[in-house]
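See structure below.
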Amino acid sequence: MVNLPRKFTTIPINFIPKQFLKYQQQQVPSQRTQPFIPFSELQNQRNLLESELISALNGCTSLIQIQQTHARILRKGLDQCCYIITKLVRSLTKIEIPMESYAKLVFNQVKYPNPFLWTALIRGYCLQGLVRESVFVYISMRKENTLPVSFTFSALFKACSTVLDVNLGRQIHAQTILIGGFDNDLYVKNSLIEMYVKLGFLECGRKVFAELPERDLISWTELIVAYAKIGDMESAGELFGQLPLKDMVAWTAMVTGYAQNAMPREALELFERMQNEGVKTDEVTLVGVISACAQLGAAKYSNWIRDIVVNLGIDPTRCVVVGSALIDMYSKCGNVEDAYKVFEAMEEKNVFSYSSMIAGFAMHGCAYAALKLFREMVNMGIKPNRVTFIAVLTACSHSRMVEQGRQIFASMEEKFGISPGVDHYACMVDLLGRAGLLEDALKLVETMPIEPNEGVWGALLGSCRTYSNPDIAQIAANHLFELEPNAIGNYILLSNIYASAGRWNDVSMVRKLMREKGLRKNPGCSWLEVKKGVIEEFFAGDMAHPRSGEMKHVLEHLLNRLKAIGYEPNMNSVAYDVNDEEKRRILITHSEKLALAFGLLSINADCPIRIMKNIRMCEDCHSFMCGVSQITGRVIIVRDNLRFHHFHDGKCSCGNFW
DNA sequence: TTAGGGTTAG
């Protein structure tokens, strides 16, 4: 017998319902034993007919078809054949006919139900979310002295994880021990591990795993996934390393685990190893890889993955998950046109595909397209979820569509029955704040029915920077310093707001606070994809690049040409109390300007210059990019920490509002 | 008849 984890031994035995214990160790033969029919006779008479009816049931996709087949079963006198009735119950479950209205009635007509038929009923209830009912069926089954089989327990464990009931799970675990004979049963044990880890009792799952005399790949993979889900990729990696034979699913679990835990480089490295070791990949593996590429956001990865998808013969128009992942990746890699091409071609679209596309449009400043798609989605009868609303509200926010945003926010609860969460409030604060309605935004924060989090106060602080409001900024910053005392960005924002208001004493105070906490500013950094696969990195103020002489020359030349058409450096973008000359020097060596200069020197005139950067672009760099796109005729695409800016012919896709 | 899948905000 397995030693249960300590938690189990503390459960008093009377915790298990009487009905369970009554049958403890009972080995009484069933009172309702099926009359003996010689196997050969069965075979001769029924085999052909049975297999024909089974395949008919397998093919049923509607209630009418099942009813017709059922009528045939009755005509042929096979209504007592457990094998066929089990199949009938499963078919009914599959098309989601309520158990009470059909399956239960059919079951009640069978005089000698076997364990598989009982189990089909248990599974049916469980899949329809009626877990208590499925347990009652189990109790009745035991009353009838029918011994459960492996599948009975895997169904019951699944039921427990569906309703998040670990106590019930423990009782059923106790049943497997009381009845006995399941110690080496991997179906049961793997379902048990799955239940524990899904309910958050990873250590219990681990213990069951440790006590298994033999383990299969499924037990290992269950645990790897469990560790990945709680973000412990180290433990997942250790288990994966110990795994004697790894299959595609185990590899995929690791790749996906890295992707889901914001470790895209590790995900891609592992995927490369997987390919080198000759492991097959399928669309599920690719979804993890695509998500990793999206996080890296570089066009080179999007080209690379497109080739892999094509080579594997996967058709994104027919696989809604791959399609949605691709939409997200293309958007995040700066290519919203390709994202839309994938979206348009998809045969099936669901809430994920729509939400990803709406978020993609929002990210690129295409608010009208985002709203149009949202309306289309609703008209198509696809119910938006919480994520969809975040995407739509972000789109409104980035395009100053206050009224539309307010209406959509109100419709969440009224029309779609989704109560706005703290993130939706953060979007609304951002929407009002970006539109300059700082008082309204503050009022919303103070009156919202849930506790504002760092996202809400952060949105308010960000708006205070745009509209230079040091008073409200101070309120927001005080909350933020409590909520996330070590987040450097808040100190920098507040200090910049004070700087642009000329309150240099307050600036020194914030800087002192940062020093005391030992916080150091993240240096501004930009990346430029020079050619396929080659990425150059530039830091603000860093003139150590081998070609910095040429870059400086390019920038000075551009500056003179821009000045001739009215551009003036924006001194407010420098948050240091230094003289104007120094401010000009700091501005012209911002990392994205260095990247732009290098791009102009090294990228063909017909190709867009794609720059990525780690922090928000300042006003000066933004107007500089607009000007350069005008005087050089080049397309410049900059991805900052939040979104994309497409500069073309003197204008930016964000409408100077970001 | 047990294992791996996509969208989120300052």
Side-chain angles (χ1 to χ4, degrees), chain A residues 90 116 119-120 123 149-155 157-158 185-195 197 216-226 228-229 247-257 259-260 281-291 294 316 319-329 331-332 350-360 362-363 384-394 397-398 421-431 433-434 453-465 476 480 484 487 489-490 493 616 641-642:
Chain A
R90 284 196 194 151
F116 297 96
T119 303
R123 244 178 74 84
V149 290
S150 314
F151 319 141
T152 321
F153 286 120
S154 46
F157 288 139
K158 190 147 248 164
D185 189 318
L186 281 173
Y187 282 134
V188 172
K189 295 292 175 167
N190 286 338
S191 313
L192 182 59
I193 295 174
E194 189 196 0
M195 178 197 74
V197 299
D216 62 3
L217 255 167
I218 296 177
S219 350
W220 286 91
T221 313
E222 301 258 24
L223 278 181
I224 290 173
V225 171
K229 288 257 155 77
D247 70 348
M248 177 174 73
V249 179
W251 281 93
T252 303
M254 279 302 288
V255 171
T256 308
Q260 288 169 341
T281 46
D282 67 359
E283 75 278 5
V284 184
T285 324
L286 278 191
V287 167
V289 182
I290 295 170
S291 159
C319 178
V320 66
V321 184
V322 172
S324 308
L326 283 174
I327 292 170
D328 176 52
M329 182 194 71
S331 308
K332 287 186 179 151
N350 63 10
V351 64
F352 282 90
S353 8
Y354 271 99
S355 305
S356 304
M357 195 62 245
I358 293 171
M363 212 182 291
N385 64 15
R386 314 186 75 84
V387 180
T388 322
F389 281 108
I390 289 174
V392 186
L393 291 173
T394 311
S397 167
H398 286 198
V422 71
D423 297 331
H424 300 106
Y425 276 97
C427 291
M428 283 310 284
V429 171
D430 191 54
L431 172 78
R434 275 176 198 270
N453 67 357
E454 58 276 16
V456 175
W457 288 115
L460 189 61
L461 184 65
S463 310
C464 293
R465 186 202 40 74
L480 284 168
E484 37 182 29
N490 300 327
L493 264 181
R616 181 184 181 274
N641 57 337
L642 271 185

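Residue numbers start from 1 in every chain, and the chains themselves are labelled A, B, ... in the order their sequence lines are given, proteins ahead of strands. Hydrogens, waters and symmetry mates are skipped; everything else that's a heavy atom, side chains included, is used.
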Give [X] one of three labels, base, sugar-phosphate or nothing, depending on what nucleic acid heavy atoms sit under 4.0 Å from its own.
X	value
C464(A)	nothing
S463(A)	nothing
V456(A)	nothing
M357(A)	nothing
L186(A)	base
D430(A)	sugar-phosphate
S324(A)	base
Q260(A)	sugar-phosphate
V149(A)	nothing
S154(A)	nothing
R465(A)	nothing
V321(A)	base
I224(A)	nothing

Any side-chain heavy atom of V287(A) sitting closer than 4.5 Å to one from T256(A)?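 No, every pair of side-chain atoms sits at 4.5 Å or beyond.
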Would you say V149(A) and T119(A) make side-chain contact, with heavy atoms under 4.5 Å?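 Answer yes - side chains close enough.
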Sequence-distant partners of [X], salt bridge (Lys or Arg N to Asp or Glu O under 4.0 Å), two or more places apart:
X	answer
E194(A)	K198(A)
R123(A)	none
R465(A)	E619(A)

Of all residues at least two apart in sequence or in a different chain, which pass the side-chain contact (heavy atoms from CB on, under 4.5 Å) check with S150(A)?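 Scan of S150(A) (side-chain contact (heavy atoms from CB on, under 4.5 Å), adjacent residues dropped) gives F182(A), D185(A), Y187(A), V188(A).
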In chain order, what residues pass the side chain to side chain donor-acceptor pair (under 3.5 Å) check against S353(A), with sequence neighbours excluded?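 For S353(A) the side chain to side chain donor-acceptor pair (under 3.5 Å) partners, ignoring immediate neighbours, are N350(A).
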At a heavy-atom distance below 4.0 Å, which nucleotide of DNA chain B is the first touched by chain A, and which is the last?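 Contact span on the strand: dT1(B) to dG10(B).
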